Amino acid sequence: MSDQVVEGRLELRKKPQQERSIQRLEAILEAAIELFLQKGVAETTMSEIAQRAGISIGSLYQFFPQKAAVIKALHERFSSQLEGFIRQIFADVETLDEAAERASESLIELYGMFRAQRIYMTLWQAIVVDKDLSQLSNDFHEQIIASFYRDLAHLVPQSEFERFRVNIKLMILATGEVIRFTTQQPDEVAEAHLAQWRRVIRGSIFAF
């Protein structure tokens, strides 16, 4: 699939300028969230989104060419919210021990955010099965890795830079899976797995 075709299926067709159009777009996204949580992403149709938003299907298609574009718009919204939190995790750290502790503490905060906002996980599960959307997720991960690297590279011996980059990427990928798993478990099970992963982060990821 060409880049142009990919962009066409995922991009917002028009960016609202007037207040009425802005409100209509917001209604579409809120309707999609409600339906995705109630029925699941795969089972939700564009017609149902339009009906829930109180607009015609034609009006919906004026904004979004297909459901994947709605998912992308929501992914961008929630990624922006997460990014604001994630990018400050390692700001101004002075030692690797401090970095390890911040990563450990942030794991619990991220878990709480995903537990409270179930739409995060619902979107994540939809994104990983769509090649074009999963690339967006991969790009987001790479941006976070680059941010962490900038904040922490000065604390790592030059000879260990490559191992450091691998460790950071593994931490991000594995933490995502830990959160995915724990948010679907009873509290006792979740707490046990989170506690163990926090020990791994503190003892291994930042050990040089």
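Because the structure is a prediction, the values reported are computed rather than measured.
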- d(E162 CD, N167 CG) to nearest 0.5 Å is 10.5 Å
- Message: Does atom CD (E43) have a neighbourhood of more than 12 heavy atoms from anything else shown, all under 6.0 Å?
- Response: yes
- Message: Using the rule that Ile, Leu, Val, Met, Phe, Trp and Tyr join whenever any side-chain heavy atoms are under 4.5 Å apart, tell me whether I71 and I57 fall into a single cluster.
- Response: yes
- Item | Evaluation steps, side chain to side chain contact (heavy atoms under 4.5 Å, CB included), between W197 and V200 | CA-CA 5 Å; W197 185 236; V200 171; 3.3 Å; yes
Side-chain polar contacts of residues 24-31 - donor-acceptor pairs under 3.5 angstrom, sequence neighbours left out - could you list them?
{"from": "E26", "atom 1": "OE1", "to": "R77", "atom 2": "NH2", "distance (Å)": "2.7"}
{"from": "E26", "atom 1": "OE2", "to": "R77", "atom 2": "NH2", "distance (Å)": "3.3"}
{"from": "E30", "atom 1": "OE2", "to": "R77", "atom 2": "NH1", "distance (Å)": "3.3"}

- Task: Taking ring pair (Phe, Tyr, Trp, His ring centres under 6.0 Å) as the test, write out the residues that go with Y61, two or more places apart.
- Result: none
- Begin with the C-alpha distance, continue with both residues' side-chain angles, and end with the deciding distance and a verdict on side chain to side chain contact (heavy atoms under 4.5 Å, CB included) for R115 and D187. CA-CA 10 Å; R115 192 88 169 192; D187 288 345; 3.0 Å; yes
- Message: Using 0.5 Å steps for rounding, measure from the CG atom of D97 to the CZ atom of R202.
- Response: 11.0 Å
- Message: Can you tell me how far apart CD (E160) and CG (L155) are? Round to the nearest 0.5 Å.
- Response: 13.5 Å
- Message: Please say yes or no: joined through hydrophobic side-chain contacts below 4.5 Å, possibly via intermediate residues, are I179 and L170 part of one cluster?
- Response: no
- Item | Min side-chain heavy-atom separation S106-F85 under 4.5 Å | yes
- side chain to side chain contact (heavy atoms under 4.5 Å, CB included) assessment of K169 paired with H141: CA-CA 8 Å; K169 186 162 189 175; H141 285 154; over 6 Å; no
- Query: For I168 and F206, what are the C-alpha separation, side-chain angles and deciding distance, and is it a side chain to side chain contact (heavy atoms under 4.5 Å, CB included)?
  - Reply: CA-CA 9 Å; I168 290 296; F206 297 93; 4.1 Å; yes
- Message: Hydrophobic cluster membership, with links at side-chain heavy-atom distances under 4.5 Å among I/L/V/M/F/W/Y: are V129 and L74 in one?
- Response: yes
- Query: Atom CG in L173, atom CE in M171: separation rounded to 0.5 Å?
  - Reply: 10.0 Å
- Output for pair (E34 CD, T44 OG1), nearest 0.5 Å, gives 11.0 Å
- Heavy-atom neighbours of Q18 CD exceed 12 at 6.0 Å: no
- Message: The criterion is side chain to side chain contact (heavy atoms under 4.5 Å, CB included); which residues satisfy it with E83, sequence neighbours excluded?
- Response: R87, F140, Q143, I144
- Value rounded to 0.5 Å, distance of CG in L35 from CD in E48: 6.0 Å
- Query: Using the ring of each side chain (for Trp, its six-membered ring), is Y149 parallel, tilted or perpendicular to F164, with breaks at 30° and 60°?
  - Reply: tilted
- Those residues at least two apart in sequence (or on a different chain) that pass side chain to side chain donor-acceptor pair (under 3.5 Å) with Q51 are none
- Query: Do the side chains of F148 and I86 get nearer than 4.5 Å, heavy atoms only?
  - Reply: yes
- Message: In the structure I gave you, are the side-chain heavy atoms of F63 and I55 within less than 4.5 Å of one another anywhere?
- Response: no
Would you tabulate the side-chain donor-acceptor contacts of residues 116-124 under 3.5 Å, counting partners in other chains and residues two or more places apart, or write 'none'?
{"from": "Y120", "atom 1": "OH", "to": "Q81", "atom 2": "OE1", "distance (Å)": "3.2"}
{"from": "T122", "atom 1": "OG1", "to": "R118", "atom 2": "O", "distance (Å)": "3.2"}

- Query: Quick one: does F64's side chain get under 4.5 Å of K72's, heavy atoms only?
  - Reply: no
- Taking only residues two or more places apart in sequence, or in another chain, which ones meet D151 in a side chain to side chain donor-acceptor pair (under 3.5 Å)? none
- Task: Identify whether I22 and L12 are in the same connected component of the hydrophobic contact network (ILVMFWY, side-chain heavy atoms under 4.5 Å).
- Result: no
- Message: Is it true that Q196 and R199 share a donor-acceptor pair across their side chains at a distance under 3.5 Å?
- Response: yes
- Message: Keeping S204 on the side-chain end and I201 on the backbone end, is there a donor-acceptor pair under 3.5 Å?
- Response: no
- Query: Does F181 share a hydrophobic cluster with I108, counting links as ILVMFWY side-chain heavy atoms below 4.5 Å and allowing steps through other members?
  - Reply: no
- Heavy-atom check, side chain of Q125 versus side chain of V41, under 4.5 Å: no
- Task: Would you check, one step at a time, whether the test side-chain hydrogen bond (donor to acceptor under 3.5 Å, both in side chains) holds for D139 with Q135?
- Result: CA-CA 6 Å; D139 291 344; Q135 185 58 50; 2.8 Å; yes
